[in-house]
Amino acid sequence: MANRTEEAREPLRAASPQADYRLAFDLAPIGMVLSRQRIMVDCNQRLCEMFGAGRDELLGQSFRILYPSADEYERMGQRLTTILRSRGVYADDRIMRRLGGRLAGENFWCHVTGRALNPQAPHEAGIWSFEDLSSRRPVTAELTPREREVAAHLMEGQTAKTIGRALGISHRTVEIHRASLMRKYRASSTADLVHKLLVG
């Protein structure tokens with residue numbers, strides 16, 4: 001890996017004034033993906049490192065393999081469609097799953113940002129970035145798919161009603177999941193729960 005990075009940097013040392021966009025993509029400090037119909041068609045080195053997989057294992061694959069469950073992948077796709085159509089961009093913190101390496105199967109918090117190239121067909125083509133938050137926000141409890149989704153919204157300061165609307169469930173169901181999260185994190189209040197989710 002070190003030799004490959006050194007070789008990649010060589011053009012920068014004798015660079016022409018014109019930017020080398022391919023090199024910038026490959027060596028960006030955050031994970032980056034180009035997608036079509038939620039299939040990864042290109043990615044950079046940092047994304048491979050983050051998920052513990054080679055480019056050949058990721059390219060041509062659905063984003064589904066990066067999610068802890070198929071349900072979360074499907075529900076996220078539905079939410080993304082609405083938001084990307086209205087805004088063209090989307091960002092959130094969510095729990096993803098590593099594929100290989102010494103941390104294979106580990107769930108970790110990740111900040112994900114994306115842009116649809118054509119907001120009217122949001123999954124047609126997109127540019128996505130992934131930032132690993134695990135060093136400052138470890139996952140310390142075994143959570144269900146819904147608990148992971150509710151936790152992500154709670155950390156944004158959303159109420160049960162707002163979360164219910166975003167997830168397409170009743171606010172009472174959100175409250176049940178929140179109560180379960182509080183038990184798992186031994187939190188005395190919603191504010192205490194959010195604090196524990198943020199610091200692990």
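Note that the structure is predicted; figures quoted are calculated from it, not measured.
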Problem set entry | G31 backbone acceptor or donor facing N44 side chain under 3.5 Å | no
Exercise. Can L143 be reached from I169 by stepping across I, L, V, M, F, W or Y side chains whose heavy atoms are under 4.5 Å apart?
Worked result: yes
Problem set entry | Closest contact, heavy atoms only, G114 versus L84 | O-CD2, 4.3 Å
For this session: Rounded to the nearest 0.5 Å, what's the gap from CG on L34 to CE on M32? Could you check?
Result: 7.5 Å
For this session: List for me each residue that meets salt bridge (charged side-chain N to carboxylate O under 4.0 Å, His left out) alongside R38, sequence neighbours excluded, and say none if there are none.
Result: none
Problem set entry | For S86, side chain to side chain donor-acceptor pair (under 3.5 Å) partners two or more places apart | none
Problem set entry | Sequence-distant partners of D192, salt bridge (charged side-chain N to carboxylate O under 4.0 Å, His left out), two or more places apart | K196
Problem set entry | Step-by-step side chain to side chain contact (heavy atoms under 4.5 Å, CB included) determination, L167 to R79 | CA-CA 8 Å; L167 299 181; R79 284 201 298 280; 3.3 Å; yes
Exercise. Residues two or more places apart in sequence or in another chain: which of them pass side chain to side chain donor-acceptor pair (under 3.5 Å) with R148?
Worked result: E72
Exercise. How far apart are the C-alpha atoms of F130 and I30, what are their side-chain angles, what is the distance that settles it, and do they pass the side chain to side chain contact (heavy atoms under 4.5 Å, CB included) test?
Worked result: CA-CA 6 Å; F130 295 77; I30 58 173; over 6 Å; no
For this session: Can you sort out the partners of D26 under salt bridge (charged side-chain N to carboxylate O under 4.0 Å, His left out), two or more places apart, ordered by chain and number?
Result: R22
For this session: Kindly give the heavy-atom pair with the smallest separation between Q158 and E156, and that separation in Å.
Result: NE2-OE1, 2.7 Å
Problem set entry | For the student: nearest non-hydrogen atoms of L99 and L58, plus distance | CD1-CD2, 3.6 Å
Exercise. With a cut-off of 6.0 Å (strictly less than), are more than 12 heavy atoms of other residues, nucleotides or ligands near CZ of R75?
Worked result: yes
Exercise. Salt bridge (charged side-chain N to carboxylate O under 4.0 Å, His left out) with E124: which residues, sequence neighbours excluded?
Worked result: none
For this session: For D71 and S69, test the side chains for any donor-to-acceptor distance below 3.5 angstrom and give the result as yes or no.
Result: no
For this session: Give the C-alpha distance, both sets of side-chain angles, the deciding distance and a yes or no for side chain to side chain donor-acceptor pair (under 3.5 Å) between T81 and H123.
Result: CA-CA 7 Å; T81 299; H123 295 307; 3.0 Å; yes
Exercise. Transitively linked via ILVMFWY side-chain contacts under 4.5 Å: M155 with V139?
Worked result: yes
For this session: Evaluate the side chain to side chain contact (heavy atoms under 4.5 Å, CB included) criterion for residues L59 and C43: first the C-alpha distance (whole Å), next the side-chain angles of each, then the deciding distance (0.1 Å), finally the verdict.
Result: CA-CA 7 Å; L59 300 192; C43 68; 3.9 Å; yes
For this session: State yes or no: do I65 and V112 share one hydrophobic cluster built from I, L, V, M, F, W and Y residues joined by side-chain heavy-atom distances below 4.5 Å, directly or via other members?
Result: yes
For this session: Begin from the C-alpha positions of K184 and E147 and carry the test salt bridge (Lys or Arg N to Asp or Glu O under 4.0 Å) through to its verdict.
Result: CA-CA 10 Å; K184 289 181 178 182; E147 286 169 353; 2.7 Å; yes
List the atom pairs, with distances to 0.1 Å, where a side-chain N or O of residues 100-111 and a protein N or O form a donor-acceptor pair under 3.5 Å, not counting sequence neighbours.
from, atom 1, to, atom 2, distance (Å)
E106, OE1, R98, NE, 2.5
E106, OE1, R98, NH2, 3.2
N107, OD1, R97, NE, 2.9
N107, OD1, R97, NH2, 3.2
H111, ND1, D92, O, 3.3
H111, ND1, D93, OD1, 2.6
H111, NE2, T113, OG1, 3.3

Exercise. For P119, which residues count as a side chain to side chain contact (heavy atoms under 4.5 Å, CB included) partner, sequence neighbours excluded?
Worked result: none
For this session: Just jot down the side chain to side chain contact (heavy atoms under 4.5 Å, CB included) partners of A125, sequence neighbours excluded, or say none.
Result: R36, L117
Problem set entry | Carboxylate-amine/guanidinium proximity below 4.0 Å for R137 and E131 | no
Exercise. Shared ILVMFWY cluster between M76 and M50, side chains joined below 4.5 angstrom?
Worked result: yes
Problem set entry | Trace of the side chain to side chain contact (heavy atoms under 4.5 Å, CB included) decision for M40 with S35 | CA-CA 5 Å; M40 294 176 272; S35 68; 5.6 Å; no
Exercise. Looking at R46 and A28, what are the two nearest heavy atoms and their distance?
Worked result: CB-O, 3.6 Å
For this session: Mind checking side chain to side chain contact (heavy atoms under 4.5 Å, CB included) for L193 and listing every partner two or more places apart, or none if nothing turns up?
Result: L154, R178, L181, M182, Y185, A187, L197
Seminar exercise, completed: Output for pair (R172 CZ, K161 NZ), nearest 0.5 Å, gives 8.5 Å
For this session: Go through the structure and list residues passing side chain to side chain contact (heavy atoms under 4.5 Å, CB included) with R64, not counting sequence neighbours.
Result: S62, Y67, A70, Y73
Seminar exercise, completed: side chain to side chain donor-acceptor pair (under 3.5 Å) filter on Q37, not counting sequence neighbours, yields none
Problem set entry | Same apolar cluster (I L V M F W Y, side chains within < 4.5 Å links), F63/Y90 | yes
